[in-house]
Amino acid sequence: MDDQTRMLAGLAGLGGLSQGDVGDQDSVRKQLGQPQQDIGDILQQIMAITDESLDEAQARKHALNCHRMKPALFSVLCEIKEKTVLSIRGVQDEDPPDPQIMRLDNMLLAEGVSGPEKGGGSAAAAAAAAAAAGGSPGSDGGIEHSDYRAKLAQIRQIYHSELEKYEQACSEFTNHVMNLLREQSRTRPISPKEIERMVAIIHRKFSSIQMQLKQSTCEAVMILRSRFLDARRKRRNFNKQATEVLNEYFYSHLSNPYPSEEAKEELAKKCAITVSQVSNWFGNKRIRYKKNIGKFQEEANLYAVKTAVDAASVSAQASQANSPATPNSVYYFKRLQTLLQLC
DNA sequence: TAGCATGATTGAAT
DNA sequence: ATTCAATCATGCTA
């Protein structure tokens, strides 16, 4: 202990310590068990260093660096620093992962911007396109879809290159600071723990930059998506056969034109459209029919006749299969067909 | 090109 | 979650 005390006085005089490093005078006093007078002397010597010539200071610094007790002294000083200044600063050492950055990460992952190559993002986009794209699947949506994928890939590329730059800058800066601190640790007490803590602080600062990058990438994806959704508004009329199937169902269930989920699925299959398109169609049809029954009367008659013809056709075929058709049934069937043509 | 037709979207109501 | 009603945006046709 005596050795250390003596060295502290010498060290202070040599300018190897900053006032900050000596820091908490009470702690030092307690640690070293010296009267206040000694501390005063040390501080005076520190203050006096500015009056010394550069050569003198350098010489004394060199002498200090070569002192055999230097490592021991520095370790004591590091301990004091740990117990005082750093323990106050470094309370929130390992903070939990930021929820916002986690949200952004999840979104980027879901959109296929981050994460494994060509992952869920394009698949999700394809699913979205399939769910809401109009008309015949795979025909018109194809161009828009590939366009969307190309744009998403572009965003992905920019994101990754920026992320790489960020990581490079971060590690360069961290290395630089670490080297600096290691360098300084020769002349002032810096513990490895302190360096670690400094690295953590740097990473925290850099992560805010990373968050900005992630945020703007998310925004870009959202804009792209909204444009893509707008593009999907471009509708195509259903083909004639699909409209006929839907109308047939509608007019043959005019008293209750609300197809069940199963019926919707079957209609969707028959018309090669999605179930939600079937729902849309029935929603539109019901409201438009109700608003102007007169206008739809003709159409209603047409489909009523068509349904009758179909039914007659089925029954005629059935009776033909069982027994030879009666002249009457053939006559009515032909008349219905003529009527349908007139409509 | 105007005007109607039609599929999709949106917000409120149930 | 489904439906209604209003509305949008585009397609079709005279």
Side-chain angles (χ1 to χ4, degrees), chain A residues 103 106-108 110-113 120-152 155 218-310 339-343:
Chain A
R103 246 193 341 266
N106 286 340
M107 188 190 157
L108 291 172
E111 292 295 336
V113 176
S122 49
S136 43
S139 58
D140 52 344
I143 299 159
E144 288 157 12
H145 184 207
S146 67
D147 198 33
Y148 175 84
R149 275 204 302 195
K151 293 258 162 55
L152 193 69
I155 291 173
C218 279
E219 275 166 22
V221 172
M222 292 313 284
I223 290 165
L224 179 67
R225 281 208 106 180
S226 70
R227 279 190 193 154
F228 180 65
L229 285 168
D230 281 349
R232 283 185 303 176
R233 286 177 72 104
K234 284 179 186 170
R235 63 177 185 80
R236 293 277 179 279
N237 289 349
F238 298 158
N239 61 39
K240 208 179 163 197
Q241 187 250 337
T243 315
E244 261 180 39
V245 169
L246 294 167
N247 272 317
E248 264 174 41
Y249 188 98
F250 181 80
Y251 287 110
S252 62
H253 297 77
L254 208 50
S255 57
N256 184 35
Y258 296 88
S260 65
E261 197 55 38
E262 291 79 35
K264 278 183 193 172
E265 274 168 26
E266 205 180 317
L267 286 167
K269 213 168 160 184
K270 270 189 191 169
C271 302
I273 57 177
T274 66
V275 172
S276 62
Q277 283 179 303
V278 172
S279 299
N280 284 341
W281 190 92
F282 272 88
N284 284 324
K285 191 74 185 180
R286 278 191 299 263
I287 197 78
R288 283 164 188 166
Y289 180 82
K290 199 178 88 176
K291 266 188 179 174
N292 195 349
I293 294 174
K295 197 180 89 180
F296 288 93
Q297 202 53 58
E298 205 177 310
E299 193 180 64
N301 291 339
L302 179 91
Y303 280 99
V305 171
K306 198 172 184 311
T307 310
V309 168
D310 285 347
L339 196 62
L340 185 59
Q341 275 161 10
L342 284 173
C343 287

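Side chains are part of it too, since the values below use all heavy atoms of this structure and drop only hydrogens, waters and symmetry mates. Throughout, a chain's letter reflects where its sequence line sits, starting with A, and its residues are numbered from 1.
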Counting only pairs under 3.5 Å, give me each side-chain donor-acceptor contact of residues 286-297 of chain A, with atom names and distances, residues two or more places apart or in other chains.
unit_1: A/Arg286; atom_1: NH1; unit_2: A/Pro257; atom_2: O; d: 2.9
unit_1: A/Asn292; atom_1: OD1; unit_2: A/Lys295; atom_2: N; d: 3.2

Inset, instruction - Starting from C1' on B/dT9, measure out to CH2 on A/Trp281 and report it in whole angstrom. - result: 19 Å
Legend entry - Side-chain touch A/Leu267/A/Trp281, heavy atoms, less than 4.5 angstrom: no
Inset, instruction - Calculate the interatomic distance between A/Arg286 atom CZ and B/dG7 atom P; express it in whole Å. - result: 14 Å
Inset, instruction - Determine whether A/Lys285 and A/Leu246 make a side-chain contact, defined as any pair of heavy atoms from C-beta on separated by less than 4.5 Å. - result: no
Inset, instruction - Determine whether the aromatic ring centres of A/Tyr303 and A/Phe250 lie less than 6.0 Å apart. - result: no
Inset, instruction - Please state how far atom CG in A/Leu246 lies from atom P in B/dG7, giving the value in whole angstrom units. - result: 8 Å
Inset, instruction - To the nearest Å, give me how far apart CG (A/Asn280) and C1' (C/dA1) are. - result: 14 Å
Inset, instruction - May I have all residue pairs that pass salt bridge (charged side-chain N to carboxylate O under 4.0 Å, His left out) and include part of residues 252-272 of chain A, sequence neighbours excluded? - result: none
Legend entry - Separation of B/dT6 C1' from A/Lys285 NZ (nearest whole Å): 10 Å
Inset, instruction - Residues of residues 288-296 of chain A with any non-hydrogen atom less than 4.0 angstrom from an atom of DNA chain B: list those, numerically ordered, please. - result: A/Arg288, A/Lys295
Legend entry - Closest approach of A/Asn239 to A/Ala242 (non-hydrogen atoms, all atoms of both residues): OD1-N, 2.8 Å
Legend entry - N or O in side chain of A/Gln277 less than 4.0 angstrom from B/dA8 OP1/OP2: yes
Legend entry - Residue-level proximity of residues 254-265 of chain A to DNA chain C when a heavy atom falls under 4.0 Å: A/Tyr258, A/Glu261, A/Lys264
Inset, instruction - Take the protein atom CD1 of A/Ile273 and the nucleotide atom C1' of B/dT6, then report the distance between them rounded to whole Å. - result: 13 Å
Inset, instruction - State, with a plain yes or no, whether a side-chain heavy atom of A/Cys271 is found less than 4.5 Å away from one of A/Phe238. - result: no
Inset, instruction - Can you tell me the distance, in whole Å, between the CZ atom of A/Phe282 and the C1' atom of B/dG7? - result: 14 Å
Inset, instruction - State the NZ-CG distance between A/Lys240 and A/Asn247, to the nearest 0.5 angstrom. - result: 11.5 Å
Legend entry - Distance, nearest 0.5 Å, that separates CD of A/Gln277 from CG of A/Asn284: 11.5 Å
Inset, instruction - Confirm from the modelled atom types if A/Asn237 and B/dA5 form a donor-acceptor pair under 3.5 Å, side chain to base only. - result: no
Inset, instruction - Figure out the CZ/C1' separation between A/Arg236 and C/dG11, and round it to whole Å. - result: 9 Å
